[in-house]
Protein chains: 2
Amino acid sequence: MPVRLIKEGIKKMRQDSRLSRMLHVLIHMGKHGGSMTSETIARMLDANPVVIRRTMSGLRESGYVRSEKGHGGGWTLVRPLEELTLLDVYRAVGEPSVFAVGPAYDMPGCPIEQAVNATLKGVFDEAEQLLLNRFAGVTLADIAGSFPPVIDAGKGEHCAS
Amino acid sequence: MPVRLIKEGIKKMRQDSRLSRMLHVLIHMGKHGGSMTSETIARMLDANPVVIRRTMSGLRESGYVRSEKGHGGGWTLVRPLEELTLLDVYRAVGEPSVFAVGPAYDMPGCPIEQAVNATLKGVFDEAEQLLLNRFAGVTLADIAGSFPPVIDAGKGEHCAS
DNA sequence: TGATTTGCAACAACATAAGTTGCGTGAGGT
DNA sequence: ACCTCACGCAACTTATGTTGTTGCAAATCA
């Protein structure tokens, strides 16, 4: 009998982390006050300054942050964290597809395919609605205040670079 | 003033259509009766026979279909459509990540990142739970019976190759 | 003028589903 | 026996989107 190989781990669709990263940045900016450069943010997130600008540009277009060029420039928060919801940020980063699985449109006329897609769409729409409703109900200030009282023991700096 | 270019459409994360395709195939098999070859299925879905085998292999391992080699071989449904739920098929195709957006783990120690990820996880888990519960409650027979009475006008063949 | 910092375009790196090719294996039919 | 059909599997290619990287232009301030 052939040796049964260990089943290879299922590969998962890669996930878009822009929402998570932007939330992280915005809360830092809200707590930090003043402005931060893309460089600083990039070091904070162990990422690339250009990627930061690219992603933040959506937030700028939505009016949540402002960017200033030149010496002393950088990014500043326009609204307080209390007035920014997860939904705002989600939309500002491009409102990406929430779901990694979706319908196929192989046979446009087939009633079976249509029934499958209609069923899936119903379920996914319901889940998305729930998701967006929850997003709309959570402000960044809620998140910022959700972790246990910070141990302000001096050296315990958050996010040490 | 520079000409303002038309804002480029936001690119969306590509979606995994295996679940949709397998549902489509299984319902066809259930209605068709007997066996179908990968070739036939592939033509039906405008896809590749090897891709079909690859995806169907998950269903075979889960015991929902059986494959037979050689002349007259092909794929046959083991259970009736009434005893197959969306959840079964979802799991059999590899239980892929439902969501295209997810957390980033850039600064493992940062309490802000942890709070962001905990919040996102809570919301996503809730939505996923809803999704899977719905999946568990829908059989393929439900889908197959969900479209309006087929107009059996003779030439109106479903899914003409 | 020179240093700083964003804006933007172009390209490479990476990951994953889907497509493709080739060969092996087994089941019938002749 | 031989041939054909059909799945099994491995390796490679293609397509697509996020992230990473480089280079240069433009704006701001000392």
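Naming convention: chains lettered A, B, ... in sequence-line order (proteins, then strands); numbering from 1 in each chain.
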Exercise. Any side-chain heavy atom of M56(A) within less than 4.5 Å of one from I41(A)?
Worked result: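 In short, these two side chains touch, coming nearer than 4.5 Å.
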Exercise. For L130(A), which fellow cluster members are found when Ile, Leu, Val, Met, Phe, Trp and Tyr are connected by side-chain heavy-atom distances below 4.5 angstrom, either directly or through intermediates?
Worked result: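 Cluster partners of L130(A): L130(B).
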Exercise. Contact class for S57(A) vs. all strands (heavy atom < 4.0 Å): base, sugar-phosphate, or nothing?
Worked result: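 Contact class for S57(A): none.
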Exercise. Who are the side-chain contact (heavy atoms from CB on, under 4.5 Å) partners of A118(A), not counting sequence neighbours?
Worked result: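 If we apply the side-chain contact (heavy atoms from CB on, under 4.5 Å) test to A118(A), skipping adjacent residues, there are no hits.
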What's the [atom1]-[atom2] distance between [X] and [N], to the nearest Å?
X      : N       : atom1 : atom2 : value
I41(A) : dT6(C)  : CD1   : C1'   : 12 Å
L59(A) : dT6(C)  : CG    : P     : 14 Å
R66(B) : dA6(D)  : CZ    : P     : 17 Å
M22(A) : dT18(D) : CE    : C1'   : 13 Å
R43(B) : dG19(C) : CZ    : P     : 15 Å
F99(A) : dA17(C) : CZ    : C1'   : 19 Å

Problem set entry | End axis versus end axis in the helix from dT1(C)-dA30(D) to dT30(C)-dA1(D), the angle rounded to 10°, five pairs used at each terminus |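 Answer rounded to 10°: the end axes differ by 10°.
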Please tabulate the protein-to-nucleotide N/O contacts below 3.5 Å involving nucleotides 26-30 of chain C, giving atom names and distances.
from, atom 1, to, atom 2, distance (Å)
dG26(C), N2, G70(B), N, 3.2

Exercise. Quick one, which residues of residues 32-39 of chain A touch DNA chain C with a heavy atom under 4.0 Å?
Worked result: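 Those residues whose heavy atoms fall under 4.0 Å from DNA chain C, taken from residues 32-39 of chain A in numerical order, are T37(A), S38(A).
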Atom pairs, N/O to N/O, protein against nucleotides 20-24 of chain D, distance under 3.5 Å?
from, atom 1, to, atom 2, distance (Å)
dG20(D), O6, R54(A), NH2, 3.0
dT21(D), OP2, N48(A), ND2, 3.1
dT21(D), O4, R54(A), NH2, 3.0

